[in-house]
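Below you'll find the structure, written out as structure tokens, and then a few comments.
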Amino acid sequence: METGESFDFIVAGGGSAGCVLANRLSEGGRHRVALVEGGGKDDWIWFHIPVGYLFAIGNPRADWCFRTEPVPGLNGRDLAYPRGRVLGGCSAINAMIYMRGQAADYDGWRQMGLPGWGWDDVLPVFRRHEDNWRGAGPLHGAGGEWRVEQPRMRWEILDAFIAAAAEAGIPATPDFNTGSNEGCGYFDVNQKRGRRWSAARGFLAPALDRPNLTVLTGALAERVVIEGGRATGLVIRRAGVRQVLHARGEVILSTGAVATPALLERSGIGDGARVSGLGIEVAQHLPGVGGNLQDHLQLRPIFRVANVPTLNMAYRSLLRRGWMAADYALRRRGPMTMAPSQLGAFTRSSEAYATPNIQMHIQPLSLDKFGDAMHPFPAITTSVCNLRPSSRGTIHARSPEPDAPPLIQPNYLATAEDRQVAADAIRAVRRIMVQPALRRYAPEEFKPGPDLVSDEDLARAAGDVGTTIFHPVGTAKMGAESDPTAVTDARLRVRGLEGLRVADASVMPTITSGNTNSPTIMIAEKGAAMILEDAR
């Protein structure tokens, strides 16, 4: 094994969180920082054109192409589990939706014994790096690295859906990021003048010229070096060569909720019996590593419509496709600027919930799954997900080899509560689709099918059609000292070890009520401040 350089901080993972950490930890030039990324550079055109997710997801140039184990709650199906394989990580291939979640999410973390993580604590952190089209104010920031803009295209059918949602009791809202995201409206997006604005573009690019920042791509993190109860380095594999990077200060894991628990286990950190079973010496027994997996399972009701344009039919025309390309080239507008979902709605599946517990992603198109062709008829998709599932899954290392895909078992729909919410969520969509505002478009349910009405039938249909919406969190969760399943503390330090932290979506104790990318960036921002504070 080659001996590499020494750094003050080594950041494993150059995704959404890692780009923030690299920027903040290298500011001022005081600390020498290494950013280690297993994927490549974001130098492919489809990382920057918003509709590029269609070509990136499932492509090994951009995606680690993980798959789950067969999921009992999905009637034995396994799923593709995309994760970004590039600087910027999932922010380079995701839906670009800017969403913080609900104030109650973070207040819930604080009430779990995690001081500093309540809504009033994290709101200034969100504002610190935000560059919102609304400008600076009590709820939003301006001039930061994380650009937030309005979508650059509207659709008649989506405007009608807003009106129908209001008729069904879901009011229109101009802003989902006030602490309450209840309502229906167009999503804000992480774009800049019609181009995707990833964490690599926003946070890493401005720091690349700093002499104290080293960025290594194509470098797989094999394991953390633990000596005498302290993290002292990171073993990486790059171009077939094993190398150890030395850490004078800290090693920070930001490889995400899928890769971080596997990296911890390969480092001897996790449930002792499981780690030993991999042939790895136990460095720290932490039984919670890889547990507590939470994700948003999306159900995709599809409705045929009439008398209105949708992308299904527009894309079938070569002439229209040429117009789309020209519109984007000349004005950075039109369908090529579209996020996967343009319109959102947050509401309650039943009166049992104090705050919205389901989210709808409405799209002026339909297909069986991403990667398939769009249907040959005009239609819209009204994806709906349970924001706070009670089911819990697991992610574990498959072997000591860093290139072995992890064992992913999301365990969707494992609880009676989640199956009930799934049934009620489909009914919530149906209530909107029969409102007067949509009547002229003659919506007709295509999937899952209007003949399915009972709780049992709808829950079974959810298992047949449900798929990930790409929001895995929680597999190295923060927790109070009294929580035996906690992996990290409120300052993101790995329990029982020095010099090792986790700063990514895996530390979330419970999933946020919405898209998880911007909360992950907030965690990295807050984590970097903690690391620098402790380094004084």
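Between L234 and A12, the closest heavy-atom pair is CD2-CB, 4.0 Å. Residues F47 and A62 share a closest heavy-atom pair of CE2-CB, 3.4 Å. In terms of heavy-atom proximity, G514 sits nearest to F346 at CA-CE2, 4.3 Å. Here the closest heavy-atom approach between residue A56 and residue D63 is recorded as O-CB, 3.7 Å. Pairing each heavy atom of P340 with each of N94, the nearest pair is CD-O, 4.5 Å. Closest heavy-atom contact between G84 and C90: N-SG, 3.3 Å.
Put simply, the side chain of N181 reaches to within 4.5 Å of the side chain of M99, judged on heavy atoms. Side-chain contact between T232 and V251 is absent, with no heavy-atom pair separated by less than 4.5 Å. Taking the side chain as every heavy atom from C-beta outward, T214 and V33 never approach each other to under 4.5 Å. The shortest side-chain heavy-atom distance between L245 and Q243 falls under the 4.5 Å cut-off. Within the 4.5 Å cutoff, the side chain of L286 has heavy atoms near those of the V494 side chain. Counting heavy atoms from C-beta on, the side chains of D534 and R501 come closer than 4.5 Å. Residues W146 and V20 are not in side-chain contact: their nearest non-hydrogen atoms beyond the backbone lie 4.5 Å or more apart. Annotation: side chain of V148 is not in contact with side chain of D131 (no heavy-atom distance under 4.5 Å).
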List the steps and the verdict of side-chain hydrogen bond (donor to acceptor under 3.5 Å, both in side chains) for D188 and W133.
CA-CA 9 Å; D188 282 349; W133 64 271; 3.2 Å; yes

Walk me through it: do V487 and V507 pass the test side chain to side chain contact (heavy atoms under 4.5 Å, CB included)?
CA-CA 8 Å; V487 178; V507 304; over 6 Å; no

Any chance you could lay out the side-chain hydrogen bond (donor to acceptor under 3.5 Å, both in side chains) test for T355 and R388, step after step, and finish with the verdict?
CA-CA 11 Å; T355 64; R388 296 185 292 275; 3.2 Å; yes

Kindly indicate, with the supporting measurements, whether the criterion side chain to side chain contact (heavy atoms under 4.5 Å, CB included) is fulfilled by V258 and F66.
CA-CA 9 Å; V258 174; F66 297 138; 3.7 Å; yes

Would you please test Y53 and W46 for side chain to side chain contact (heavy atoms under 4.5 Å, CB included) and show each step?
CA-CA 7 Å; Y53 67 89; W46 294 117; over 6 Å; no

Carefully, step by step, assess T510 and M112 under the rule side chain to side chain contact (heavy atoms under 4.5 Å, CB included).
CA-CA 10 Å; T510 54; M112 291 176 188; 3.3 Å; yes

Should H396 and D271 be marked as a side-chain hydrogen bond (donor to acceptor under 3.5 Å, both in side chains) after you check the CA-CA gap, both sets of side-chain angles, and the distance that decides it?
CA-CA 10 Å; H396 293 293; D271 178 76; over 6 Å; no

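Ionic pairing of D403 and R237 is not present here: no N-O contact between side-chain nitrogen and carboxylate oxygen is shorter than 4.0 angstrom. Under the 4.0 Å criterion applied to side-chain N and carboxylate O atoms, D105 and R100 are not assigned as salt-bridge partners. Between D8 and R32 there is no salt bridge, since none of the side-chain N atoms of the basic residue sits less than 4.0 Å from a carboxylate O of the acidic one. Taking a cutoff of 4.0 Å between a charged side-chain nitrogen and a carboxylate oxygen, R242 and E222 qualify as a salt bridge. A salt bridge is defined here as a Lys NZ or Arg NE, NH1 or NH2 lying under 4.0 Å from an Asp or Glu carboxylate O, and R195 with E149 fails to meet this definition. Ionic pairing of R134 and D175 is present here: one or more N-O contacts between side-chain nitrogen and carboxylate oxygen are shorter than 4.0 angstrom. A salt bridge links E69 and R398; the closest N-O separation between the charged side-chain nitrogens and carboxylate oxygens is under 4.0 Å.
Relative orientation of the W109 and Y106 rings is perpendicular, given thresholds of 30° and 60° on the angle between their planes. In this pair, H471 and H296 present their aromatic rings perpendicular. The plane angle is above 60°, beyond the 30 to 60° band.
Listed for the E182 side chain is no donor-acceptor partner under 3.5 Å among the backbone atoms of T347. Listed for the S91 side chain is a donor-acceptor partner under 3.5 Å among the backbone atoms of G88. Under the 3.5 Å distance criterion, the side-chain polar atoms of R493 are left unmatched by any main-chain donor or acceptor of V502. Remark: the backbone N or O of S391 is paired with a side-chain donor or acceptor of D418 at under 3.5 angstrom. A donor-acceptor pair under 3.5 Å links the side-chain atoms of N292 to the main chain of G474, judged by distance alone. At least one donor-acceptor pair closer than 3.5 Å links the side chain of K526 to the backbone N or O of G116. Looking at N190, its side chain does come within 3.5 Å of a backbone N or O of R147 through a donor-acceptor pair. A donor-acceptor contact shorter than 3.5 Å is absent between the side chain of E130 and the backbone of N132. The closest donor-acceptor contact from the side chain of N357 to the backbone of S349 lies under 3.5 Å. Between the side chain of T394 and the main chain of G291, no donor-acceptor pair closer than 3.5 Å is present.
Remark: aromatic rings of F187 and H361 are close, center separation under 6.0 Å.
The cationic atom of R110 (NZ for Lys, CZ for Arg) does not lie both less than 6.0 Å from the six-membered ring centre of W117 and within 45° of the ring axis. Cation-pi geometry between R348 and Y353 is not satisfied (NZ or CZ under 6.0 Å from the ring centre, within 45° of the ring normal).
Within 6.0 Å of CD on E281 lie no more than 12 heavy atoms contributed by other residues, nucleotides or ligands.
A donor and an acceptor atom, one from each side chain of K477 and S506, are nowhere located under 3.5 Å apart. Between the side chains of R495 and T488, not a single donor N or O lies within less than 3.5 Å of an accepting N or O. In the model, Q409 has no side-chain atom that pairs as donor or acceptor with a side-chain atom of N411 under 3.5 Å. S26 and R210 form a side-chain donor-acceptor contact under 3.5 Å, judged by distance and modelled atom types alone. Between the side chains of Q298 and S383, at least one donor-acceptor pair of N or O atoms lies under 3.5 Å. Remark: the H129 side chain and the E145 side chain contain no N/O donor-acceptor pair separated by less than 3.5 Å. The closest side-chain donor-acceptor pair between S16 and T520, if any, does not fall under 3.5 angstrom.
Going from atom CD1 of I252 over to atom CG of L492 covers 10.0 Å, rounded to the nearest 0.5 Å. Once rounded to the nearest 0.5 Å, the distance linking CG of D43 with CZ of R61 reads 5.5 Å. Distance CD1/I469 to CG/N386: 11.5 Å, rounded to 0.5 Å. Note that the CG atom of D120 and the CG atom of D107 stand 6.5 Å from one another [nearest 0.5 Å]. To the nearest 0.5 Å, atom OH of residue Y81 and atom SG of residue C65 are 15.0 Å apart. One finds the NE2 atom of H31 at 10.5 Å from the CZ atom of R248 (value rounded to the nearest 0.5 Å).
Within the structure, ring pair (Phe, Tyr, Trp, His ring centres under 6.0 Å) contacts touching residues 216-256 (residues at least two apart or in different chains) do not occur.
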